[in-house]
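First comes the structure, then the notes that go with it.
We count ligands from 1, going down the list as the structure has it; atoms in each ligand are counted the same way. Since the structure is predicted, the reported quantities are computational estimates derived from the model, not experimental observations.
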Amino acid sequence: MRSGLIGLFDSGVGGLTVADRVRQDLPGAPFLYFGDTAHVPYGNRSAEEVRHLVSAIARHLVASGAQVLVMACNTSSALALDLVRAWSPVPVIGIIEAASRAAVQATRNGVIGVIANPLTAGSGAYEKACAQAASEARGAVGGVRVLPVGCPRLVPLVEAGEVHSPAARAALMEYLGPLQAEGIDTLVLGCTHYPFLVPLIAEILGPGVRIIDPAVYVVAELVALGWSPSQPGEARPLYQVSGDPLDFDRTASRLLGRPVTGTTRVDLSARACAGS
Ligand code: DGL
């Protein structure tokens with residue numbers, strides 16, 4: 001059994017949907033969460049910028065004692081997983097492959113929608129991972145059609161804590177409408193910010209569409225690596241951000257519905273500039 005520090009990161013508050021799942025399913029597991037709030041949203045940046053930012057964060061988490069890295073961020077998983085795995089001395093978990101396998105198993109009509117930021121949606125990562133999952137499943141599933149939609153307005157809304165507002169509803173109607181018209185029966189939340197929007201998404205799509213939250217599969221990967229659901233002792237989660245820690249505490253508390261306090265600011269810009 002392993003019980004070392006779990007390092008998770010995202011561009012902002014989104015990866016908290018993954019961290020919270022780890023917190024609930026592996027109670028007592030120590031984790032350090034890094035939110036790159038000075039650079040959110042990643043979806044409006046270039047792939048090269050995201051790779052630099054992610055490398056600096058990953059190096060920081062390993063230097064801080066992380067025994068495993070969880071990319072609680074689809075954009076990082078799409079663009080920087082191989083890069084970080086190439087040098088990391090600890091295992092690195094991405095979130096796209098496992099979610100794609102789940103989507104391929106879940107779909108009945110083979111039409112899978114993916115909502116994500118424009119960078120992830122345009123990366124081809126979900127199409128590739130779903131095609132791979134379908135071919136691994138061989139005869140068990142038929143062909144799948146994967147329809148990614150870039151949703152630039154959603155991350156800023158979630159970062160502002162606006163997950164039930166009329167603006168959030170209007171944006172979701174706009175992004176989900178074309179997917180409904182295509183007849184999707186499965187929707188992948190291709191951004192870790194979006195689970196905070198699930199009540200609205202489920203209401204808009206209705207019960208006929210299965211919603212896949214990649215966070216669920218991260219815990220299974222941690223358990224496969226040796227982390228146990230019954231960790232000894234109580235570990236206090238640590239939160240770090242590159243932007244304003246009080247802003248993060250406020251938004252995280254609002255979104256999670258429990259107090260998040262004591263977040264500290266860490267400036268990684270020098271390391272990011274130094275590249276990787
Ligand atoms: N939450 C991240 C993801 O899963 C990044 C979103 C963003 O900053 O655009 O892709």
Pick out which of I184, I112, I115 makes a side chain to side chain contact (heavy atoms under 4.5 Å, CB included) with L147. I184

For H60 and Q240, does a side-chain donor sit closer than 3.5 Å to a side-chain acceptor? yes

Can you check which of H193, R45, E159 brings a heavy atom nearest to atom 1 (N) of ligand 1? H193

Give the ring-plane orientation class for F248 versus Y239, where under 30° counts as parallel, over 60° as perpendicular and anything between as tilted. tilted

Quick check: does C191 get an N/O under 3.5 Å from an N/O on ligand 1? no

Would you mind checking which non-hydrogen protein atom is closest to atom 2 (C) of ligand 1, with the distance to 0.1 Å? D10 OD1, 3.0 Å

So for T192 against ligand 1, with non-hydrogen atoms under 4.0 Å, the contacting part is both

Atom 7 (C) of ligand 1: closest protein heavy atom, distance to 0.1 Å, is Y42 N, 3.3 Å

Member of V260, T261, V266 meeting the side chain to side chain contact (heavy atoms under 4.5 Å, CB included) criterion with T263: V260

Using 4.0 Å as the upper bound for N to carboxylate O, is an ion pair formed by R45 and D36? no

What is the closest protein heavy atom to atom 10 (O) of ligand 1, and at what distance does it sit? T75 OG1, 2.8 Å

Under 4.5 Å between side-chain heavy atoms, hopping through other hydrophobics if needed: is there a path connecting V198 to V219? yes

What are the atoms of ligand 1, with element, lying closer than 4.0 Å to any heavy atom of C73? 2 (C), 3 (C), 4 (O), 5 (C), 10 (O)

Heavy-atom contacts under 4.0 Å between N74 and ligand 1: side chain, backbone, both, or neither? both

Under 3.5 Å, is there a donor-acceptor pair between the T120 and N117 side chains? yes

Under 4.0 Å from any heavy atom of S11, which atoms of ligand 1 are there? 5 (C), 6 (C), 7 (C), 8 (O)

